[in-house]
Structures are given as C-alpha cells and as structure tokens.
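Report on the structure given below.
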2 protein chains.
Amino acid sequence: MTRVSIKDIAKAADVSHSTVSRALSDSPLVSAETKTRIQSLARQMGYSPDAQARSLVMGRTLTVGVVVTTITDPFIAEIVQAIESTAHDHGYSVILASSNAEPEREIAAVEMLRSKRVDGVLVTSSRVGAIYHEHLERLGVPVVLINSHSEHAGRYTFSVNVDNHHGAYQAIQHLIQLGHERIAYVTGAADQSDDLERQAGYRQALTEAGLPYDPDLVIPGTGHADSGEQALPIALAMPKRPTAVFCYNDVTAIGLMLAARQAGLHLPHDLAVVGFDDVPTASYVYPPLTTIAQPKRKMGRKAMDMVLVLLQNGAPHLGQVSNVVVRGKLIVRESSGAQLLSAEA
Amino acid sequence: MTRVSIKDIAKAADVSHSTVSRALSDSPLVSAETKTRIQSLARQMGYSPDAQARSLVMGRTLTVGVVVTTITDPFIAEIVQAIESTAHDHGYSVILASSNAEPEREIAAVEMLRSKRVDGVLVTSSRVGAIYHEHLERLGVPVVLINSHSEHAGRYTFSVNVDNHHGAYQAIQHLIQLGHERIAYVTGAADQSDDLERQAGYRQALTEAGLPYDPDLVIPGTGHADSGEQALPIALAMPKRPTAVFCYNDVTAIGLMLAARQAGLHLPHDLAVVGFDDVPTASYVYPPLTTIAQPKRKMGRKAMDMVLVLLQNGAPHLGQVSNVVVRGKLIVRESSGAQLLSAEA
DNA sequence: TTGTAGGCGTTATCAC
DNA sequence: GTGATAACGCCTACAA
C-alpha cells in the first residue's frame with residue numbers, strides 16, 4: 001500500500017508537481033483541460049492529500065484538541081458531541097484526550113496537543129489549576145474552558161459557563177412555590193466555584209422569599225452518587241427535618257433518591273428532590289427527577305464557535321471574543337412534587 | 001508566539017541541527033556533556049517537537065482514528081474511554097469522528113482519517129456497509145470493528161464482538177429458572193446481525209428447556225426507548241400474556257418499564273424484564289434492571305491492543321491477530337424478580 | 001563525536 | 001500556463 005503523492009501524479013501526467021498541486025487545489029492558474037485531466041488521474045490513482053505535509057507549510061492543522069476528565073460522563077459526552085459536530089462542519093478534526101482529573105495526565109495531554117500543533121484547545125469540566133493553566137497558555141493557541149473554573153486570567157483563555165447562580169435560584173424558587181420552607185442543599189466538592197455559585201443562588205432565593213438561611217441545612221457532598229446516599233440520613237436526623245432537598249447535581253440527587261427508597265420513604269411526598277444538569281438518566285429514575293437542564297449542545301457549539309472566530313484568517317484574533325454565560329432551564333418532573341400538587345389542586 | 005525549532009536550538013548551542021536532533025532523541029552518538037547542555041537549553045527555550053514534521057519522515061503518526069455513531073451513547077463512550085486510555089499508555093493519540101450513522105459522514109470520516117495518516121482505525125457499533133467497508137480497506141492500515149457487523153471480509157479488517165448468542169441464552173435461562181414459561185423478546189432494528197444472534201440465543205434457551213418457541217412472542221423493535229414503550233401494549237394484548245420480556249437492549253427495556261409503570265403495572269411482579277448492555281442508567285431505574293453486561297472496557301482495551309500488535313515494528317503485521325468474541329455477564333437486579341423470589345422462599 | 005546533505009509531501013514564489 | 005526552486009521541521013545516511 002505505497003502511498004501516491006503529487007509527484008507520482010506529476011510523473012503520470014507528465015507535468016511538474018507544482019502544476020498538480022495547483023490543479024488539485026482548483027487554482028485558476030492552470031488550464032481547464034489539464035486541470036480535469038489531473039483531477040481524474042488523481043482519483044484513479046487513489047490519491048489522498050497528506051494533511052501533515054500541508055499543515056507543515058500552511059502553519060495550521062485544522063485540528064483542535066479536546067481535553068475531558070472522562071468521556072464516560074454523559075454530560076461531557078454531550079458537549080463533546082456538539083464540539084465535534086460543529087468542528088466537522090468547518091473542516092476541523094478533533095483530538096480527544098482524557099485527563100481523569102489527574103494533574104500529570106492533564107499536562108501530558110496539553111504537551112501532546114502542543115506537539116500535534118492543534119490550532120485550538122477546549123477543556124471540559126475540570127478545575128484548571130495554576131500549572132495546568134500555565135501549560136495551556138504556553139500553547140499560544142486559543143483555549144476555551146467549558147464549565148471549568150480557573151482562577152487565572154490568560155491572554156489566550158476564554159470560557160463558556162452555565163449560570164450556576166441563576167440555575168440554583170430557579171430550583172429553589174420552584175420549591176418555594178410548591179410550599180417548601182425548609183430546603184436542604186447537598187453541595188459538590190469543596191471549594192469548587194460552581195458549587196459556591198449554586199450555594200449563593202440557593203441562599204438568595206431563600207432570602208428573597210423571606211425564608212431564613214440555616215447553615216445546618218447545607219450538607220457537604222462530593223458530586224458523586226454516594227455522597228447523595230450519605231446525605232440522606234443526615235437530612236433525616238435533623239431536629240427540624242427539611243421537606244425538600246436541592247442537590248449540587250443529578251448524580252448526587254439520584255444517589256439520594258436511591259437511599260430514600262431503601263429507607264422506605266415515599267418520594268416526592270416525604271421529600272422533594274431537585275437536581276442540576278439534566279443527565280439522560282434523570283428522566284428514567286423514579287420518580288423522574290426535576291432538575292436544571294444545562295444547554296450542553298449549545299455550550300459545546302458555542303465554545304467551538306469561539307475557537308473558530310479566534311482562528312479566522314489563520315492567526316489568533318483575540319479581543320473579538322468574550323466570555324459567555326448561558327442560562328439553564330428548569331425541567332419540572334415528578335421528584336419535586338409539582339405534578340402531585342396540581343393533581344391535588 | 002513564534003515556535004522554536006531544532007535549528008533555533010542549534011544556533012543557540014552553536015552546534016548543527018543534527019546534533020540537536022540526536023541529543024533530544026537521546027542518541028548515544030552524542031557526548032554526554034553536549035547532550036545535557038542541549039537538553040536543558042531546549043527546555044529553557046520552551047521547545048516542543050513538531051509531531052507532523054516527525055511523522056512525515058518517520059512514516060507513522062502515532063495516532064489512531066476512532067469512528068463512532070455518537071459519543072453520546074454511554075455504551076460507546078465507555079469503549080472509547082478504554083481505547084483512549086490504552087492508546088495513551090502506548091504513546092498514541094486518538095482522533096474522534098462521529099458518523100451519526102449517516103453514510104456520507106462515515107466516508108467523510110474515513111477520508112479525513114486517511115488524510116491525517118492515522119496508523120489504525122477503530123469503528124464502534126455501526127453496520128459497516130459495502131462502500132464504508134471498501135473505504136476502510138483502502139486506508140491500508142489496520143482496522144478493528146467493535147460490535148460492528150460487516151458482511152465483508154478484508155485484508156486489514158478485524159473485529160471484537162460480544163457473544164450475543166450466549167448473552168441472550170443466559171438471560172432467558174435466568175428467566176426460566178425463575179419459573180417463567182412465556183417469555184417475549186423485543187427485537188432491535190431489523191436485520192441487524194447482533195439482534196439475530198440474540199434471537200437465536202433466546203430460541204435455543206427455550207428449546208433446551210423444553211419450552212415451545214412461539215413466533216408471536218417476538219415483538220419487533222428498533223433498539224430505541226420508544227420501541228420499548230410501544231412493545232408493551234402489544235405484549236399485554238396477547239391472548240396468552242407473557243410473564244416476562246427480554247429486550248434487545250437496556251434502552252428498550254427501560255422504555256418498556258416506563259410504559260409499564262404508566263399502565264399501572266407492578267414490576268417485576270406483573271412482568272419481569274431483562275435487558276442487554278448494562279448501561280449506567282440500568283441500575284438507577286426502578287426497579288433496577290437485570291441485564292447482560294457487556295465488558296465494555298475490556299472490549300475497548302482489547303481492540304486497541306489488537307491495533308498495537310498489528311502495528312508493531314511500524315508496518316502492519318497481519319495474521320498475528322484474529323477476531324475476538326467476549327462473553328457478557330448476567331447482572332441480576334430486581335426487574336427480573338429474582339430478589340422477590342428469594343425473599344418469598 | 002559532530003557536521004553536511006538529502007528527503008518526507010506539501011504550498012508558494014519566482015521565473016519563463 | 002507551467003516549471004524550477006525553496007521552505008516548513010524533522011530524521012538519517014554519509015562524511016569528516
């Protein structure tokens with residue numbers, strides 16, 4: 001399977017390789033006749049242009065890197081799907097790298113992408129620490145962080161984030177409208193900015209409704225299902241039991257619901273539950289989970305669009321792009337008891 | 001951000017660029033002293049080797065292409081995760097391409113991968129039709145199909161598949177042991193080989209148990225959730241109602257369970273359900289779904305391993321690898337009623 | 001131990 | 001219109 005190059009075609013067509021190059025790129029500098037002759041010849045010979053050789057001289061690879069913690073996260077998968085799709089529509093390919101949230105792999109991924117000379121990088125759902133950030137900056141290509149908190153600003157770094165504050169605010173407002181007055185919050189991993197923002201939204205909604213903010217109702221979690229399970233007994237053991245609980249994310253909420261069922265609770269009657277994210281599973285659990293849907297596809301598309309804008313005419317066009325915050329949407333299902341309420345009404 | 005090349009280092013170190021090249025690849029043909037001098041210089045200057053330039057001369061890119069229908073499928077995501085992970089461990093990167101099961105995008109993906117000169121390709125969960133297959137073969141690099149049926153054999157094409165027959169067989173055997181005698185099967189999309197194999201396993205298990213095979217119990221589906229929902233009324237309308245139903249996959253089973261709950265059925269008491277795949281959602285639905293778990297990580301790893309073997313010493317080593325079939329594992333949860341049974345016992 | 005020269009497959013800049 | 005020629009960044013004989 002010896003590859004055929006433009007030189008081979010040149011030989012076969014008895015022209016110079018430059019003419020072949022021109023003909024194949026449909027340049028006007030070549031006669032219509034030889035152009036078609038060469039093009040059909042190329043097809044016959046099974047020619048495929050070598051993207052690397054081209055990139056080498058063009059200075060761009062038409063490739064972007066996508067760094068994820070794990071593609072196994074349905075939330076991330078959806079975003080990556082949108083990225084890949086819009087990248088494809090614009091002639092870009094995607095190199096995928098998983099970091100597993102391990103710092104070593106994070107920087108290994110970035111170095112790999114640097115060697116591959118990607119034109120841009122998108123990072124999903126990590127805490128972007130100082131070293132990580134520094135490596136990203138050193139790439140010298142546009143970087144877009146999606147739902148990834150970074151304390152550091154950078155010349156090449158932009159972000160797309162969901163409005164955590166507003167999302168949580170909506171969730172709590174919904175519960176308050178349903179008549180709840182004691183609403184617990186199960187947090188995500190400590191010190192994550194998105195968790196803190198959601199907490200702030202939670203608090204503001206309470207305050208605006210004239211309800212007291214009780215720190216005891218804030219139960220520390222990790223963002224994983226088991227922390228939801230562990231949160232349940234804590235909530236139940238409170239002197240004044242909450243009647244509803246808002247969770248940092250769906251996975252936590254689902255874990256909590258699982259534990260509740262095992263504890264013999266009847267949801268949402270005994271306890272209303274609301275999550276955040278709208279993962280696919282959310283609509284299949286019982287009762288179906290009320291949640292804040294993040295516009296994942298939109299976020300992925302938007303992020304890739306930003307990279308494309310930054311890349312127009314080849315070189316990074318900084319300053320034509322600014323950070324983006326998108327709002328999530330409240331999806332009312334059964335776990336919050338809204339159905340129940342309207343049925344009773 | 002002008003990139004630093006091997007020549008820049010050469011200039012700074014006052015040696016030739018070949019010496020730099022050697023030093024950086026840790027060649028023994030360079031004095032220990034200059035080697036360390038050059039290496040530290042490279043680090044200082046922020047040198048990053050250009051993978052494309054290297055590939056151009058080396059003839060290999062240390063990159064594989066992964067073609068998926070959609071990364072959004074949790075089943076596929078898990079496989080891709082395993083592929084990426086073992087690829088990374090061996091110094092390979094992954095280019096991801098989604099086909100959406102559209103023939104045009106399939107061949108576009110393959111052509112893209114060809115231009116990028118990937119060293120191998122992995123394809124997940126598609127029907128690989130004639131043209132698709134032909135394009136894959138023309139790549140001239142190893143191709144491994146994962147759970148992808150292809151009618152065509154090829155010089156470069158290998159496969160990793162789950163044992164569909166045995167999986168279905170296990171599922172039915174489980175139901176029979178629980179006392180079921182009328183067991184329905186909701187199929188996948190028509191004419192897919194994996195569905196046919198599962199059907200065959202279903203049938204064999206019945207026959208071996210001395211139960212009659214009733215074609216009426218085979219309900220056509222599509223592999224999507226809605227086909228599960230639509231299958232339920234069909235099952236319920238049968239003159240002799242089935243007491244259990246085995247579904248082509250989990251998604252179908254979950255759709256069916258959803259419909260059953262809405263119909264007021266009490267699962268698994270009124271109807272036992274078993275799926276296939278073990279998607280993450282399976283353990284969170286109510287009742288938790290009994291299913292056949294495909295060893296997704298193992299399959300992804302194995303597939304990538306095969307590519308690596310085929311690539312050892314640079315050129316394709318065909319004939320050192322053969323197709324692989326792995327067995328799934330029965331995961332007993334509550335939807336099949338096993339718990340119930342043991343509780344009653 | 002190091003330097004020179006050639007080539008990998010392109011595109012681009014000159015001449016003709 | 002077309003053909004040399006150089007260049008992109010790297011590796012690797014072959015010379016020195």
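Residue numbering restarts at 1 for every chain, and letters A, B, ... go by the order of the sequence lines.
In the interface, the side chain of A/H17 is paired with the base of C/dT11 through a donor and an acceptor atom under 3.5 Å apart. Side-chain to base pairing of A/R22 with D/dG3: one donor and one acceptor N or O lie within less than 3.5 Å of each other.
Put simply, B/S5 has no side-chain N or O that comes within less than 4.0 Å of OP1 or OP2 on D/dG9. For the pair A/S21 and C/dG9, the criterion of a side-chain N or O lying under 4.0 Å from OP1 or OP2 is not met. A close approach under 4.0 Å does not occur between any side-chain nitrogen or oxygen of B/S55 and OP1 or OP2 of C/dC8. Remark: B/T19 is in phosphate contact with C/dG3, judged by side-chain N or O atoms under 4.0 Å from OP1 or OP2. Look at B/S31 and you won't find any side-chain N or O under 4.0 angstrom from OP1 or OP2 of C/dT1.
Screening B/K116, B/R117, B/R138 for a side chain to side chain donor-acceptor pair (under 3.5 Å) involving A/S48 leaves a single residue, B/R117.
Checking A/S18 against A/S21 by side-chain atom types alone, no donor-acceptor pair falls below 3.5 Å. Checking A/E111 against A/H135 by side-chain atom types alone, a donor-acceptor pair falls below 3.5 Å.
In this structure, A/E84 pairs ionically with B/R105, as a charged nitrogen and a carboxylate oxygen lie closer than 4.0 Å.
Looking at which nucleotide of DNA chain C each of A/I6 and A/L29 is closest to, the 5′-most match is held by A/I6.
Between A/R3 atom CZ and C/dG9 atom P there is a gap of 10 Å when expressed in whole angstrom units.
Looking at heavy-atom distances under 4.0 Å, A/S25 makes no contact with the nucleic acid at all.
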